[in-house]
Number of protein chains: 2
Amino acid sequence: MDAERDEPIRQRLTRGEAKARTRALLLDAAARVFARKGFTGASVEEVAEAAGFSTGALYSNFDSKEALFLELLSHRQTDRITEAAQALNSHEVGTGEAAAELGRLLIDVADKDIDFAPLQAEFWLYAIRNPEVLDTLAAKLREPRRALEDVISTSLARQGAPAGVSPEAVATVVAALFQGLVRQRRIDPSSVSEALFGQALKWIFVGISASDVPAPDDGD
Amino acid sequence: MDAERDEPIRQRLTRGEAKARTRALLLDAAARVFARKGFTGASVEEVAEAAGFSTGALYSNFDSKEALFLELLSHRQTDRITEAAQALNSHEVGTGEAAAELGRLLIDVADKDIDFAPLQAEFWLYAIRNPEVLDTLAAKLREPRRALEDVISTSLARQGAPAGVSPEAVATVVAALFQGLVRQRRIDPSSVSEALFGQALKWIFVGISASDVPAPDDGD
DNA sequence: GTCTATAGAGCGATAGAC
DNA sequence: GTCTATCGCTCTATAGAC
């Protein structure tokens with residue numbers, strides 16, 4: 001509509017671009033603040049200020065504090081499980097290299113990406129307390145899980161696992177173990193060494209290959 | 001000091017007993033309410049009313065909302081891991097009976113004891129956000145973990161596991177897997193069947209026995 | 001579109017009656 | 001020891017200036 005004035009703005013953004021940038025900055029800040037203070041414990045003012053804006057700007061971009069949180073929950077889940085799948089893909093499962101890489105990933109998530117696990121915990125708590133978003137969270141987790149499942153599936157085939165073993169089941173176990181160990185490391189780092197996750201995966205894959213075929217019936 | 005009046009109270013409690021009963025009721029209610037609404041999301045009035053008292057009674061028994069929560073965190077952790085250890089103890093690890101029993105326990109915790117997992121999550125989030133209680137939480141988890149470790153230790157010996165395998169490491173893996181699967185079942189029950197936990201444990205123990213001795217150096 | 005200022009509601013904690 | 005009433009504060013969300 002009206003021509004953009006050539007004010008000395010950083011990169012000459014159109015209005016739409018500027019708004020999108022504000023939204024993105026607010027979402028980044030929200031992820032940090034919600035992770036550190038919790039959804040209910042964090043105030044919208046804290047989130048807005050962490051992004052360099054005021055509460056008015058926040059409410060011009062999101063309907064409510066809850067809407068901002070739900071946007072994070074459903075559209076900004078940078079899932080580290082996908083990275084695990086890639087680590088498993090680049091090396092052979094059960095080898096020392098894959099184990100080492102996965103161990104490093106776990107320690108990295110637990111020690112460096114300090115906001116990841118608490119934010120996931122906030123999502124999980126919100127979802128089980130507000131069942132209407134349970135499906136949203138499940139859907140968001142399905143995609144990286146599928147990636148993990150694919151990698152596991154081919155690995156199982158390659159190492160000649162019994163036919164009855166379901167890749168879904170193994171993927172569920174691997175993901176649950178990963179999350180559980182990350183949390184345990186935050187409580188007591190010495191109990192979760194860098195080698196532990198890789199070691200556990202080796203046990204699991206060796207155990208699968210060595211097992212007989214009594215297929216676990218998957219389903220509830 | 002003064003003789004107790006024989007008022008027609010339910011069971012004729014001394015003052016001290018009555019106060020202890022009130023405290024216990026408040027703690028029970030706090031566990032429920034904090035699990036369902038979160039520590040910050042729950043109000044002290046909600047907790048007090050859930051116990052059948054007023055906020056005044058609550059503050060006469062606890063210094064603050066936080067003190068009540070910390071009392072729960074440090075002294076009322078009914079840990080289900082201990083039950084897992086007992087289930088593992090009554091049967092031989094790796095057998096179908098032990099697997100079935102552990103599967104049942106996991107489903108029970110996830111589906112029936114609906115307040116357990118969210119309350120643990122609240123404890124974990126509070127601890128990582130308030131590092132001064134990290135040790136308190138770690139200490140509270142150490143006891144049941146030790147029980148699990150003992151059972152695993154004897155099981156490993158009985159089934160002739162390689163010498164380099166540390167029972168602590170296996171116990172950490174088993175506990176992490178348990179918690180991870182319970183949480184996953186709350187999101188998507190169909191992905192965590194009753195058989196899955198037992199199956200995963202079988203894989204792990206078979207895998208340990210079949211593994212060579214490259215001991216994972218435990219320690220950070 | 002973003003700011004400042006504020007309305008309106010709910011909360012943690014305390015005081016005083018009993 | 002427990003209850004009722006309330007203080008003081010913080011919060012979400014909105015209104016109006018720019």
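Side-chain atoms are counted along with the backbone in the values below, which use heavy atoms only and exclude waters and symmetry mates.
Partners of A/D28 under the side chain to side chain contact (heavy atoms under 4.5 Å, CB included) rule, at least two apart in sequence or in another chain, are A/R32, A/R76. With sequence neighbours excluded, the residues satisfying side chain to side chain contact (heavy atoms under 4.5 Å, CB included) with B/R183 are A/W124, A/R183, B/Q179. In this view, B/R186 satisfies the salt bridge (Lys or Arg N to Asp or Glu O under 4.0 Å) rule with no residue, not counting sequence neighbours.
Side-chain atoms of A/D188 never come within 3.5 Å of backbone atoms of A/Q184 as a donor-acceptor pair (strictly under, hydrogens ignored).
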Enumerate, atom names and distances included, each donor-acceptor pair closer than 3.5 Å involving a side-chain atom of residues 41-56 of chain A, sequence neighbours excluded.
from, atom 1, to, atom 2, distance (Å)
A/S43, OG, A/E46, N, 3.1
A/S43, OG, A/E46, OE1, 3.3
A/E46, OE1, A/S43, N, 2.8
A/E46, OE2, A/K37, NZ, 2.5

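Following rounding to the nearest Å, A/L25 (CG) and C/dT2 (C1') show an atom-to-atom distance of 14 Å. In this structure, NZ of B/K37 is placed 16 Å from C1' of C/dG12, rounded to the nearest angstrom. Rounded to an integer number of Å, the gap from CZ of B/F69 to C1' of C/dC11 is 18 Å. Rounded to a whole Å, the CG atom of A/L13 is 13 Å from the C1' atom of C/dG1. One interatomic measurement links the two molecules: CD of A/E49 to C1' of D/dT10, which rounds to 14 Å at whole-angstrom precision.
The side chain of A/F53 sits closest to C/dC3 out of D/dT2, C/dC3, C/dG1.
Each ring-ring contact (aromatic ring centres under 6.0 Å, His included) pair with one or both residues in residues 168-195 of chain B, not counting sequence neighbours, appears once here: B/F178-B/F197.
Look at B/S60 and you won't find any side-chain N or O under 4.0 angstrom from OP1 or OP2 of D/dG1.
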query: Which letter, B, S or -, goes with each nucleotide of nucleotides 11-18 of chain D from 5' to 3', with contact meaning a protein heavy atom under 4.0 Å?
result: SSBB----
